[in-house]
Amino acid sequence: MRQLEAFTLGKKFGHPEMNEDSLVVMPNLGYAVIDGVTDRNGTRYGGMLSGQYASRTVKRAIEIFLLAQGQPDKPELQFQGGQHFIDYLGRAIHDGYVAHGALAAVEADWKLRGGCTVMAAMLLGDRLEVVAVGDSGIRINGSDTLQVLKPLDDVTAILRRETWRYFEALGRPIEECDRHSASMTWQGTRNQPAGSVTAAAEVIADIEQRAMQACRQHLTDVPEQELQLLIQHGISHGQGHFQNVTKPVLGYGGIDGFAVPGRFVETRSYSLAEVETIELFSDGYFKQGEGFGVTAWETAFREVEAEDPHKIGRYMSTKGTTPSQLTDDRSYLGIHLK
């Protein structure tokens, strides 16, 4: 390894300890970026919110896995392909539920589960083995990119954008547009707090109509009932119905302590002799750096923030930058092998 650069920063201003991203940095063994899923209801394990707990648990599991490679007394930890690796990470979170006496609760209610995505790059013999679940990314040699973005996020991002624009058109200040759009996106149109502006029947009807029309145009192959479920019930009450299930068009994968179908496990294998640079990044970067290194990626980050801080334009997202926090945690890990 010739050079290594790493950067991670939580989205909440003044609270770096709440960063749900994790990095694995083990030179000559492997690397990973892990992105914890934002907690839905304040559930904590080991003093951490559930997404951060899942992120840290998977980080430790990967480190143990990498150290075990080549050790004949640990056959169960030898790399046996992407599905085997992801199953192992899922068991680590599952074991955490058991240790905290929470297994029965999380089996009954998906909203209590911790979850994360992972992008792992492991140096095994003369190969670079890449395994991923979720929307963190990797770029090899500055051009070969793997990042699986889930269309489901487009639905809740459209809901947020349409809500933001609705209140903007009424002349509401930016702070209200941010607050109301966040409420709609998180809770869905049918779970708004009683008596709130966003609970008014005429507001709900208008925003549902706008969001559904925009989703139909953007996601033409998605059944209307799937769009409706997400629009009406949002991230907190609706999104979990799509995680790690293969029947819905909007199904997606996440590591949460239970089975991840093979459909959602991405793998790549490279000859190490042909790899010069490895760059891993979480989805807090909406635009890739023009070159290798933290400086290039942070330049791209600032360009996105300058153009679309609210994330309702080209970089539409389920969250936006506000006076109290950035859109998302972000992490970058660059390794120059040669």
Side-chain angles (χ1 to χ4, degrees), residues 8-24 32-65 86-120 133-136 150 152-153 156 179 182-183 185-188 191-193 233-244 252-260 282-284 317-319 322 324-331:
T8 184
L9 183 66
K11 58 181 175 288
K12 295 189 176 181
F13 298 138
H15 293 281
E17 77 283 358
M18 297 184 72
N19 188 355
E20 292 169 325
D21 285 1
S22 298
L23 299 178
V24 172
V33 165
I34 305 132
D35 182 358
V37 176
T38 300
D39 172 76
R40 294 180 173 91
N41 49 28
T43 302
R44 289 180 178 269
Y45 300 104
M48 293 176 280
L49 289 170
S50 60
Q52 190 179 58
Y53 176 78
S55 178
R56 302 297 188 263
T57 299
V58 165
K59 167 184 167 68
R60 181 59 177 155
I62 293 174
E63 291 169 343
I64 291 170
F65 187 88
I86 295 302
D87 289 346
Y88 158 75
L89 298 182
R91 285 194 299 274
I93 296 178
H94 190 275
D95 290 346
Y97 296 146
V98 174
H100 287 89
L103 183 58
V106 296
E107 285 179 332
D109 187 355
W110 55 262
K111 292 188 288 294
L112 300 177
R113 299 175 186 177
C116 64
T117 70
V118 65
M119 175 59 74
V133 170
D135 51 12
S136 291
K150 56 184 185 293
L152 176 143
D153 282 343
T156 43
R179 185 170 66 254
S183 180
T185 307
W186 194 249
Q187 304 291 347
N191 299 284
Q192 293 301 299
H233 299 289
I235 294 171
S236 183
H237 303 282
Q239 183 165 315
H241 295 292
F242 296 87
Q243 181 166 306
N244 294 329
Y252 70 97
I255 304 174
D256 65 356
F258 296 90
V260 179
S282 65
D283 67 338
S317 176
T318 58
K319 300 184 292 290
T322 71
S324 63
Q325 67 178 49
L326 296 165
T327 301
D328 206 353
D329 306 329
R330 68 186 188 277
S331 298

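- Note on ring orientation: taking the six-membered ring where Trp is involved, the planes of Y53 and H100 are perpendicular (angle over 60°, cut-offs 30° and 60°).
- At least one donor-acceptor pair under 3.5 Å links the side chain of R44 to the backbone N or O of G47.
- Under the 3.5 Å distance criterion, the side-chain polar atoms of K59 are matched with a main-chain donor or acceptor of L23.
- Distance check, rounded to the nearest 0.5 Å: NZ of K111 to OG of S236 gives 7.0 Å.
- Pairing each heavy atom of H94 with each of L103, the nearest pair is NE2-CD1, 3.4 Å.
- Of all heavy-atom pairs spanning V33 and S331, the tightest one is CG1-CB, 4.4 Å.
- Between D328 and K11 the shortest heavy-atom distance is C-CB, 3.4 Å.
- A pairwise comparison of heavy atoms in A120 and A32 identifies CA-CB, 4.0 Å as the closest pair.
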- [ ] Just do the side-chain hydrogen bond (donor to acceptor under 3.5 Å, both in side chains) check on D35 and S55 with the steps written out, would you?
- [x] CA-CA 6 Å; D35 182 358; S55 178; over 6 Å; no
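- Counting only N and O atoms by type, the side chains of D21 and S282 include a donor and acceptor under 3.5 Å apart.
- A donor-acceptor pair is defined here as one N or O able to donate and one able to accept, closer than 3.5 Å; such a pair exists between the side chain of N191 and the backbone of Q187.
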Open item on the list: Determine whether Y88 and F65 satisfy the following criterion, ring-ring contact (aromatic ring centres under 6.0 Å, His included), listing intermediate values before the conclusion.
Closed with: CA-CA 9 Å; Y88 158 75; F65 187 88; 5.3 Å; yes
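- In this structure, a donor-acceptor pair under 3.5 Å is absent between the side chains of H241 and Q239.
- Between the side chains of T156 and T318, no donor-acceptor pair of N or O atoms lies under 3.5 Å.
- A donor-acceptor pair is defined here as one N or O able to donate and one able to accept, closer than 3.5 Å; no such pair exists between the side chain of R113 and the backbone of D256.
- Q243 places no side-chain N or O within 3.5 Å of a backbone atom of Y252 that could act as its donor or acceptor partner.
- In terms of modelled atom types and a separation under 3.5 Å, the side chain of Y97 and the main chain of G114 share a donor-acceptor contact.
- Side-chain atoms of S136 and T117 form a donor-acceptor pair, as typed in the model, at a separation below 3.5 Å.
- Contact detail for V260 and I255: the closest heavy-atom pair is CG2-CA, 4.3 Å.
- Here the CG atom belonging to N19 is positioned 9.5 Å from the CD atom belonging to E17, to the nearest 0.5 angstrom.
- Taken from CG in L112 to OG1 in T43, the straight-line distance is 4.5 Å, to the nearest 0.5 Å.
- D39 contributes no side-chain N or O that, together with a main-chain N or O of G51, makes up a donor-acceptor pair within less than 3.5 Å.
- The minimum heavy-atom distance between N244 and G253, with the atom names listed, is OD1-CA, 3.3 Å.
- Distance check, rounded to the nearest 0.5 Å: CD of E107 to CZ of F258 gives 5.0 Å.
- Side-chain N or O atoms of Q192 include one that pairs as donor or acceptor with a backbone N or O of S183 at under 3.5 Å.
- Between the SG atom of C116 and the CD atom of E20 there is a distance of 10.5 Å, given to the nearest 0.5 Å.
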